[in-house]
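Worksheet for the structure shown next.
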Amino acid sequence: MAGVLAELGVARVINAAGTLTRLGGAPMAREVVAAMAEAAGASLDIAALQERASAEIAAATGAEAGLVATGAAAGLTLAAAAVLAGLDPARMAQLPRIEDGRSEILVHRTHRSAYTRALAVAGARLVDFGHNDRGTGAGIRGIEAWEIEAAIGARTAAIFFAATPWSAPDLPLVTRAAHAHGLPVIVDAAAQLPPAANLRRFIADGADLVVFSGGKAIAGPQSSGILAGRRTLIASALMQMLDMDVPVATWRAPLGVQVAGVPHHGLGRGFKAGKEEIVGLLVALRRFLARDEAAEQAAQTARLRAIADALPVRSTLLDAAATGRAPQLALHVGDAPRLAARLRAGDPPVHLGERRAGEGVLLVDPQALRPEDDAALIAAIRAALA
């Protein structure tokens with residue numbers, strides 16, 4: 001019997017590009033899918049479910065609290081909304097138009113990207129500071145304390161930090177400088193898993209809010225993410241995404257916080273996570289924490305070596321320390337964009353990592369590559385090279 005993908009006429013791709021959003025993230029385990037199906041057949045109190053999620057996320061990250069959002073970008077917007085409004089229902093109602101008070105988020109130029117727009121969606125004015133020496137190759141320096149001190153003003157609400165294996169050592173400096181002025185730090189760690197230790201690293205380094213993708217290395221629902229951090233800020237984010245059409249007499253503020261009144265539907269209402277995403281993410285998070293990371297990477301490395309041996313092209317094996325996440329295989333192919341386009345046009349379509357295509361390199365990332373697809377991947381690359 002034909003499956004729904006065949007009925008829709010949608011081709012399943014061979015994904016050797018990694019857990020990319022445009023390719024649907026990581027394949028979910030049957031255990032995760034079964035949990036989502038169970039939740040789908042039940043009516044649940046979403047506020048209570050998010051509070052249960054908060055307890056599990058807090059235990060996994062070392063944060064005071066957490067919530068399940070509809071992706072890491074949604075988590076950033078909710079984080080910005082939380083630092084802009086706090087527990088003030090009147091300011092929640094104003095977003096995304098804040099006319100007074102603290103409404104600016106500082107962004108070092110080394111950390112500026114298209115993803116920082118998610119902060120501006122909440123109504124924050126992004127204020128750039130510092131120099132992008134690392135990004136341009138003009139120098140080696142990152143964020144410095146004196147630059148933060150010079151940039152902080154009366155309207156500063158928070159400081160944003162984009163975590164990478166190379167920027168992460170700067171985080172303690174940033175949090176010390178921010179906390180000296182009573183300012184929170186928002187960390188985008190969407191793709192900073194594995195290693196699993198990073199779930200706790202950024203909170204331990206002083207971050208007040210941290211965002212992780214749920215559909216990448218955690219292998220939860222693709223449209224899920226984690227926002228973890230200070231209890232009051234998580235409560236603010238929750239109140240700005242939950243269904244707030246509730247009776248005043250029976251309403252209870254989440255996570256035990258005190259609020260002057262019941263907020264109306266908030267800026268994050270469109271980011272509400274369904275019961276299926278919340279439950280699926282929690283089961284996936286448990287699986288992620290229980291797995292043997294070293295054994296998984298060893299198996300991935302063995303697969304990449306076998307793929308390299310079967311291809312008539314020069315290749316370089318990059319270990320997890322080099323990539324900052326999982327091992328990858330770099331294929332030195334010359335006209336990389338042309339070869340990548342040829343592979344994507346194949347049957348089945350094959351996607352390789354194109355981050356280094358300008359160098360004549362395509363990457364094989366095993367994180368979303370099913371082992372049973374390895375042979376088809378090898379055959380497709382050999383045919384495209386020929």
Side-chain angles (χ1 to χ4, degrees), residues 61-66 69 72-87 91 95-96 98 100-135 141-192 198 200-212 226-234 236-237:
T61 62
E64 293 178 358
L76 287 178
T77 301
L78 290 168
V83 300
L84 292 177
L87 297 177
R91 283 182 72 83
L95 295 181
I98 289 291
D100 62 341
R102 297 183 182 272
S103 59
E104 298 176 349
I105 296 179
L106 301 183
V107 183
H108 192 275
R109 288 183 173 87
T110 306
H111 294 243
R112 177 69 107 138
S113 74
Y115 294 105
T116 51
R117 185 174 186 180
L119 303 169
V121 168
R125 177 175 176 264
L126 305 186
V127 177
D128 295 317
F129 72 99
H131 296 83
N132 190 15
D133 288 344
R134 287 179 179 171
R141 292 158 64 179
I143 300 179
E144 298 182 78
W146 66 267
E147 293 178 311
I148 300 172
E149 291 289 338
I152 291 173
R155 295 178 67 85
T156 305
I159 299 175
F160 170 76
F161 188 96
T164 68
W166 302 275
S167 71
D170 293 338
L171 181 57
L173 177 150
V174 174
T175 57
R176 284 195 300 270
H179 294 167
H181 292 268
L183 297 173
V185 175
I186 299 170
V187 174
D188 179 0
Q192 298 311 302
N198 277 355
R200 290 180 167 272
R201 175 180 182 178
F202 308 113
I203 293 293
D205 282 344
D208 301 274
L209 289 167
V210 182
V211 168
F212 297 100
I226 289 173
L227 177 63
R230 282 167 35 196
R231 181 175 62 90
T232 53
L233 291 174
I234 295 297
S236 175

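FYI, side chains are in, hydrogens and waters are out, and symmetry mates aren't considered; it's all heavy atoms of this structure. Since the structure is predicted, the reported quantities are computational estimates derived from the model, not experimental observations. Sequence positions, counted from 1, serve as the residue numbers for this chain.
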Practice task
Apply the test side chain to side chain contact (heavy atoms under 4.5 Å, CB included) to residues Leu227 and Leu76: give CA-CA distance (whole Å), side-chain angles for both, the deciding distance (0.1 Å), then the verdict.
Solution key: CA-CA 8 Å; Leu227 177 63; Leu76 287 178; over 6 Å; no

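Across every non-hydrogen atom of Leu84 and Ala124, the tightest pair is CD1-N, 3.7 Å. Among all heavy-atom pairs drawn from Val83 and Pro184, the shortest one is CG1-CG, 3.7 Å. When all heavy atoms of Ile203 and Gly229 are compared, the closest pair comes out as CD1-CA, 4.2 Å. Closest non-hydrogen pair, Ala228 versus Ile234, comes out as C-CD1, 3.9 Å. Contact detail for Leu78 and Ala69: the closest heavy-atom pair is CD1-CB, 4.0 Å. Minimum interatomic distance between Ala178 and Ile159 (heavy atoms only, all atoms of both residues): CB-CD1, 3.7 Å.
No more than 12 heavy atoms of other residues, nucleotides or ligands sit less than 6.0 Å from atom OH of Tyr115.
In this structure, Arg231 has no salt bridge (charged side-chain N to carboxylate O under 4.0 Å, His left out) partners at least two apart in sequence or on a different chain. Under the salt bridge (charged side-chain N to carboxylate O under 4.0 Å, His left out) criterion, Arg102 pairs with no residue at all, not counting sequence neighbours. Qualifying side-chain contact (heavy atoms from CB on, under 4.5 Å) partners for Ala85, counting only residues two or more places apart in sequence or in other chains: Arg91, Met92, Leu95, Gln240. Contacts of Glu144 classified as salt bridge (charged side-chain N to carboxylate O under 4.0 Å, His left out), with partners at least two apart in sequence or in another chain: Arg141. Val187 pairs by the side-chain contact (heavy atoms from CB on, under 4.5 Å) definition with Phe161, Ala163, Leu171, Val185, Ala189, Phe202, Ala207, Val210, not counting sequence neighbours. Applying the side-chain contact (heavy atoms from CB on, under 4.5 Å) criterion to Arg176, with sequence neighbours excluded, gives Pro172, Leu173. Under the salt bridge (charged side-chain N to carboxylate O under 4.0 Å, His left out) criterion, Arg109 pairs with no residue, sequence neighbours left out. Checked against side-chain hydrogen bond (donor to acceptor under 3.5 Å, both in side chains), Thr175 has no partners two or more places apart in sequence or in another chain. For Ala80, the side-chain contact (heavy atoms from CB on, under 4.5 Å) partners two or more places apart in sequence, or in a different chain, are Ile105, Leu119, Ala122.
One distance of note links CG of Asp170 with NE2 of His111; it measures 6.0 Å at 0.5 Å rounding. Between the NE2 atom of His131 and the CD1 atom of Ile143 there is a distance of 13.5 Å, given to the nearest 0.5 Å. Between the CD1 atom of Ile186 and the CG atom of Leu233 there is a distance of 8.5 Å, given to the nearest 0.5 Å. A distance of 4.5 Å separates CZ in Phe160 from CG in Asp188, rounded to the nearest 0.5 Å. Rounding to the nearest 0.5 angstrom, the gap separating the CZ atom in Arg155 from the CD1 atom in Ile98 is 9.0 Å.
A ring-ring contact (aromatic ring centres under 6.0 Å, His included) check over residues 163-187, counting only residues at least two apart or in different chains, returns nothing. Among pairs with a residue in residues 121-130, those fulfilling side-chain hydrogen bond (donor to acceptor under 3.5 Å, both in side chains) read Glu104-Arg125, Arg112-Asp128, at least two apart in sequence or across chains. A salt bridge (charged side-chain N to carboxylate O under 4.0 Å, His left out) check over residues 113-124, counting only residues at least two apart or in different chains, returns nothing.
Counting heavy atoms from C-beta outward, Ser167 and Thr110 have side chains that stay 4.5 Å or more apart.
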